[in-house]
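Here's the structure we're looking at; comments come further down.
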Amino acid sequence: MKILILNGSPKPSGSASEKLAEGLAQRLGNAEITMFNAMKTGKDEFVAQVNAIDALVVVFPLYVDGLPSHLLRLLDEAKGEIKSSARVYSIANNGFYEGQQNHLALEMMRHFSASSGMEWGQGLGVGAGGMVGVAPFGSGPMKNIGKALDKMAQNILNKQNGDDFYIQPNFPKFLYKMAAHRSWYSQAKGNGISRKGILRGD
Amino acid sequence: MKTLIIQDIDQNGIDVDLSKYTLFQMSERVKPCVGCFGCWIKTPGKCVIKDGDNVFLELMPKVDKVMVISKLTFGGFSPDIKGVFDRSIGFILPFFETVSGEMHHKQRYEKRPSLQYMFYGDNMTEAEKATAQKLVKANAVNLGAPDCSASFYATPDEILEGLK
Ligand SMILES: Cc1cc2nc3c(=O)[nH]c(=O)nc-3n(C[C@H](O)[C@H](O)[C@H](O)COP(=O)(O)O)c2cc1C
C-alpha cells in the first residue's frame with residue numbers, strides 16, 4: 001500500500017502538523033510512505049505522486065478558518081490534473097482549544113477531493129495544537145490524540161471511510177489559555193516587546 | 001462609509017469606475033504567511049514581510065467595510081486572497097477569550113470593518129456555497145466584524161456591474 005502524507009504547515013520544523021504526520025506514519029505499519037512538505041512541493045511532483053498512491057493524507061494548521069494559502073494554491077493547481085483512485089484523509093490542527101473549529105477547513109478538503117475526483121476517507125480536527133507533542137501520543141495529555149491517530153490509521157490501512165471527528169488534548173481549557181498567554185508574553189519579551197507593546201493599535 | 005475592496009479578477013486593476021471605493025492591489029503571486037507570529041510578538045499589528053501585501057492589514061482598521069471579490073475555491077477564497085488574509089491576523093491580538101462558549105482572540109481595534117464576500121465561478125456547487133456562507137460567519141466572529149454577508153455570481157462582470 002502506498003501513502004502520501006502532505007504536510008501543510010509552512011514552519012520549517014517542529015510544527016504540530018509534522019508531529020501529527022509522524023505519529024500517523026508510525027501507525028501505518030509497513031505501508032510505503034512518502035512525506036511531502038507543501039512549501040517545497042511543485043504541482044507536477046505532487047500530481048505524479050497522487051496518481052500513484054492508495055491514500056493521500058493532508059495534515060495542516062487551520063489558518064483563518066481555512067487552509068494555509070500555499071497549501072490551497074498547490075491543491076487548486078493540482079485538482080484538474082489528478083487522476084487517482086486514492087482516498088483522501090486529512091488532519092487539521094488549530095490554535096484554539098476546540099478541535100471542532102476545524103470543521104470548515106475539513107469541508108474545504110472534501111470539496112478538494114470531490115473536485116479532483118477522489119473519494120473522501122475521513123477528517124480529524126485536533127484542538128489546542130500548541131500542545132501537540134508535549135507527551136508521546138497515547139499517554140498523558142496526548143492520550144486522545146494517540147487514540148484518534150490509531151483510528152485513522154486503521155481506516156487508511158483497511159481502505160475504509162469514517163465519519164469526521166474532533167478532539168482536543170486531555171488538558172483543561174483554562175490551563176491551556178494560561179500557558180498560551182504566558183508564552184506570548186515571554187516570546188514578545190525576547191523580542192524587546194513589553195506587555196503594553198503587544199497591544200499597540202496605531 | 002469607507003469600503004476597502006480586495007479582488008482577484010484583474011492584476012492590472014479594474015477598468016470600470018470604482019473611485020468611490022479604496023481598491024487594494026495585491027501582488028501577482030502573494031507570498032504565504034510563514035507562521036512566525038511576528039505580527040503578534042515582534043512588530044505587533046504588522047506583518048514582518050514588507051512586500052506591499054502587508055498593507056492590507058494596515059488598512060483594515062481604517063475602513064467601515066471590507067469587500068472581497070474572489071473566485072470560489074473549495075468553498076473559500078482563491079489562493080492569493082487567502083494569502084493576504086493569512087498575513088492579516090495581526091488585526092487581532094494573540095490573547096484568548098471565550099465567545100459563546102468557544103475560544104477566540106481578543107480584538108486589537110475598537111473600530112472593525114464589516115465583511116462582504118462576493119464569490120464568482122462557473123461550477124460552484126451548492127455544497128461549496130454552503131461552506132462559504134459558514135466561512136463568512138466564522139471569519140466575522142474571529143475578526144470581530146459587526147456585520148457580514150456572502151453572495152454568489154456566475155461571472156466577475158456581474159459583480160462589477162452592481163458596484164458601479
Ligand atoms: C495566519 C494564521 C491564521 C490562524 N488562524 C487560526 C484560526 O482561524 N483558528 C484557530 O483556532 N487557530 C488559528 N491559527 C493557529 C494555528 O492553527 C495553530 O497555531 C496551529 O497549531 C499551527 O500548526 P502548525 O504548528 O502545524 O503550523 C492561525 C495561525 C496563523 C499563523
Here the gap from B:N123 atom CG to A:S115 atom OG, rounded to the nearest 0.5 Å, amounts to 10.0 Å

Point-to-point distance, once rounded to the nearest 0.5 Å, from CG of A:D65 to OG1 of B:T131: 12.0 Å

Heavy-atom count check: over 12 atoms from other residues, nucleotides or ligands less than 6.0 Å from B:K42 NZ? no

Checking B:Y109 against chain A: side chain, backbone, both or neither under 4.5 Å from a heavy atom? side chain

Electrostatic pair A:R73:B:D80 at N-O distance under 4.0 angstrom: yes

Taking the six-membered ring for Trp, are the ring centroids of A:F174 and B:F96 within less than 6.0 Å of each other? no

Side chain, backbone, both or neither: which part of B:F37 has a non-hydrogen atom closer than 4.5 Å to chain A? side chain

CD/A:E32: more than 12 non-hydrogen atoms of other groups inside 6.0 Å: no

Flag the pair B:P32 / A:S69 as yes when at least one side-chain heavy-atom distance between them is below 4.5 Å, and no otherwise. yes

A:K177 versus B:E97, closest heavy-atom pair with distance: NZ-CA, 4.2 Å

Scored by heavy-atom pairs under 4.5 Å with chain A, the best of B:A132, B:G45, B:A127, B:G76 is B:A127

Residues of residues 42-51 of chain A within contact distance of chain B, non-hydrogen under 4.5 Å: none

Less than 4.5 Å to any heavy atom of chain A: does that hold for the side chain of B:S88, its backbone, both, or neither? neither

If we only count heavy atoms from C-beta on, is the B:K106 to A:L199 side-chain gap below 4.5 Å? no

First locate atom CD of A:E107, then atom CZ of B:F74, and finally report the distance between them rounded to the nearest 0.5 Å. 14.0 Å

What's the shortest heavy-atom distance between B:P44 and A:G197, and which atoms? CG-O, 3.3 Å

Separation between CH2 of A:W184 and CZ of B:F95, rounded to the nearest 0.5 Å: 9.0 Å

With a sphere of 6.0 Å drawn around NZ of B:K137, does it hold more than 12 non-hydrogen atoms of other residues, nucleotides or ligands? no

Neighbour count above 12 (heavy atom, 6.0 Å) for B:K31 NZ: no

Are more than 12 heavy atoms from other residues, nucleotides or ligands located less than 6.0 Å from atom NZ of A:K196? no

Dump the intermediate steps for side chain to side chain contact (heavy atoms under 4.5 Å, CB included) on B:M103 and A:Y176, then the final yes or no. CA-CA 11 Å; B:M103 201 179 256; A:Y176 177 67; 4.1 Å; yes

Pull out the residues in residues 91-105 of chain A that come under 4.5 Å of chain B, heavy atom to heavy atom, sorted by number. A:G95, A:F96, A:Y97, A:E98, A:Q101, A:L104

Under 4.5 Å from a heavy atom of chain A, the part of B:P94 involved: both

Which residue is it: A:L75, A:D76, A:L67? I am looking for the one with a side chain to side chain contact (heavy atoms under 4.5 Å, CB included) to B:P79. A:D76

Walk me through it: do A:R110 and B:E128 pass the test side chain to side chain contact (heavy atoms under 4.5 Å, CB included)? CA-CA 10 Å; A:R110 277 176 184 261; B:E128 286 170 335; over 6 Å; no

Would you check if B:I41 and A:I193 make a side-chain contact, meaning some heavy-atom pair closer than 4.5 Å? no

Got a second to check how far B:M124's CE is from A:H111's NE2, nearest 0.5 Å? 13.0 Å

Just jot down the salt bridge (Lys or Arg N to Asp or Glu O under 4.0 Å) partners of B:D51, sequence neighbours excluded, or say none. B:R87

What's the shortest heavy-atom distance between B:C33 and A:Y63, and which atoms? SG-CE2, 3.9 Å

Proximal component of A:M39, with respect to chain B [non-hydrogen, under 4.5 Å]: side chain

Between the CG atom in B:L93 and the CD1 atom in A:I198, the distance rounded to the nearest 0.5 Å is 8.5 Å

Let me know if B:N142 has heavy atoms under 4.5 Å from chain A in its side chain, its backbone, both or neither. side chain

Pairs touching residues 132-149 of chain A that satisfy side-chain hydrogen bond (donor to acceptor under 3.5 Å, both in side chains), sequence neighbours left out: A:N144-A:N170

Would a 4.5 Å heavy-atom cut-off, applied to side chains only, mark B:K82 and A:H70 as touching? no

Under 4.5 Å from a heavy atom of chain B, the part of A:K79 involved: side chain

Check the surroundings of atom NZ in A:K19: do more than 12 heavy atoms from other residues, nucleotides or ligands lie under 6.0 Å from it? yes

